[in-house]
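What follows is a short report on a single structure.
Letters A, B, ... mirror the listed sequences (proteins, then strands); counts begin at 1.
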Amino acid sequence: NAGVTQTPKFRILKIGQSMTLQCAQDMNHNYMYWYRQDPGMGLKLIYYSVGAGITDKGEVPNGYNVSRSTTEDFPLRLELAAPSQTSVYFCASSPRSSGYEQYFGPGTRLTVT
Amino acid sequence: DQQVKQNSPSLSVQEGRISILNCDYTNSMFDYFLWYKKYPAEGPTFLISISSIKDKNEDGRFTVFLNKSAKHLSLHIVPSQPGDSAVYFCAASVRDKVIFGPGTSLSVIP
């Protein structure tokens with residue numbers, strides 16, 4: 001049981017490049033989330049999904065896209081990377097919504113230069 | 001507009017003493033409040049939660065108190081241990097969304 005896995009661990013992108021951050025969970029959780037954490041700040045919700053085929057915007061969705069074709073996977077796509085997207089990205093999953101604990105992956109540290 | 005606030009960026013406490021971490025919120029629609037702990041280079045891990053209809057929840061050394069009229073909650077750690085040194089995030093949920101505070105860095109001094 002690996003829990004929530006994220007790849008890659010680190011990545012450096014040039015301005016304007018695109019990439020996909022991968023997230024997978026093996027706990028059969030319906031709910032999945034993407035957060036970003038900037039230095040000295042809390043976690044900001046980017047996108048979330050309540051089940052396969054269903055996604056919705058969080059607090060800071062601009063510049064990102066997601067898809068949820070399976071229960072296990074929830075990739076985050078960055079199009080036209082900008083320096084403002086330099087951050088640590090965390091994926092999380094939960095068996096239920098509202099108040100139930102989320103299980104977090106180890107994070108992806110992304111630098112855009 | 002910051003809906004979940006943790007006004008103390010850092011806190012230092014002697015080992016064995018009580019640590020009190022505070023959190024304020026603005027949205028009265030939040031139905032659950034959670035605390036997460038985060039070590040460097042790791043993802044956050046869940047610590048304890050409380051429903052908005054309760055005023056206290058206890059789990060071992062950790063107790064969370066909720067004051068709905070003041071829109072304030074606090075996490076008490078007794079006794080504090082060096083392994084508790086981490087960043088603590090307060091979070092609040094409404095329907096499918098969870099909003100996190102900026103975190104408080106706790107240092108427990110041996």
Which atom of Lys38(B) lies closest to which atom of Phe90(A), heavy atoms considered: CE-CZ, 3.5 Å
Say whether Phe74(A) and Val60(A) are linked into one hydrophobic cluster, either directly or through other cluster members, by side-chain heavy-atom distances under 4.5 angstrom. yes
Transitively linked via ILVMFWY side-chain contacts under 4.5 Å: Ile50(B) with Leu75(B)? yes
Atom pair CZ/OH of Phe46(B) and Tyr103(A) - distance to nearest 0.5 Å: 8.5 Å
Residues from residues 99-110 of chain B approaching chain A under 4.5 Å (heavy atoms): Ile99(B), Phe100(B), Gly101(B), Pro102(B)
Which of Pro44(B), Gly43(B), Ala41(B) touches chain A most, by non-hydrogen pairs under 4.5 Å: Pro44(B)
Mind ranking Gln102(A), Lys44(A), Met41(A), Arg109(A) by heavy-atom pairs under 4.5 Å with chain B and telling me who comes out on top? Gln102(A)
Inter-chain contacts: residues 13-25 of chain A against chain B, heavy atoms under 4.5 Å: none
Should we say atom CD1 of Ile12(A) is surrounded by more than 12 heavy atoms from elsewhere, each under 6.0 Å from it? no
Turns out that what part of Gln37(A) lies under 4.5 Å from chain B's heavy atoms comes down to side chain
Neighbourhood of chain B inside residues 75-83 of chain A, taking heavy atoms under 4.5 Å as contact: none
Taking side chain as everything from C-beta outward and backbone as N, CA, C, O, which of these in Tyr36(B) sits under 4.5 Å from a heavy atom of chain A? Side chain, backbone, both or neither. side chain
Closest non-hydrogen atoms of Leu45(A) and Lys97(B), given as atom of the first, atom of the second and distance, are CD2-CG, 4.2 Å
Would Ile46(A) and Leu43(A) show up in the same hydrophobic cluster when neighbours are defined by side-chain heavy atoms closer than 4.5 Å? no
Chain A contacts: which residues in residues 60-73 of chain B have a non-hydrogen atom closer than 4.5 Å to it? none
Path from Ile20(B) to Tyr25(B) over hydrophobic side-chain contacts below 4.5 Å: no
Sidechain-backbone polar pair: Tyr48(A) side chain, Val98(B) backbone, donor-acceptor under 3.5 Å: no
Under a 4.5 Å side-chain heavy-atom rule over Ile, Leu, Val, Met, Phe, Trp and Tyr, are Val88(A) and Tyr33(A) clustered together? yes
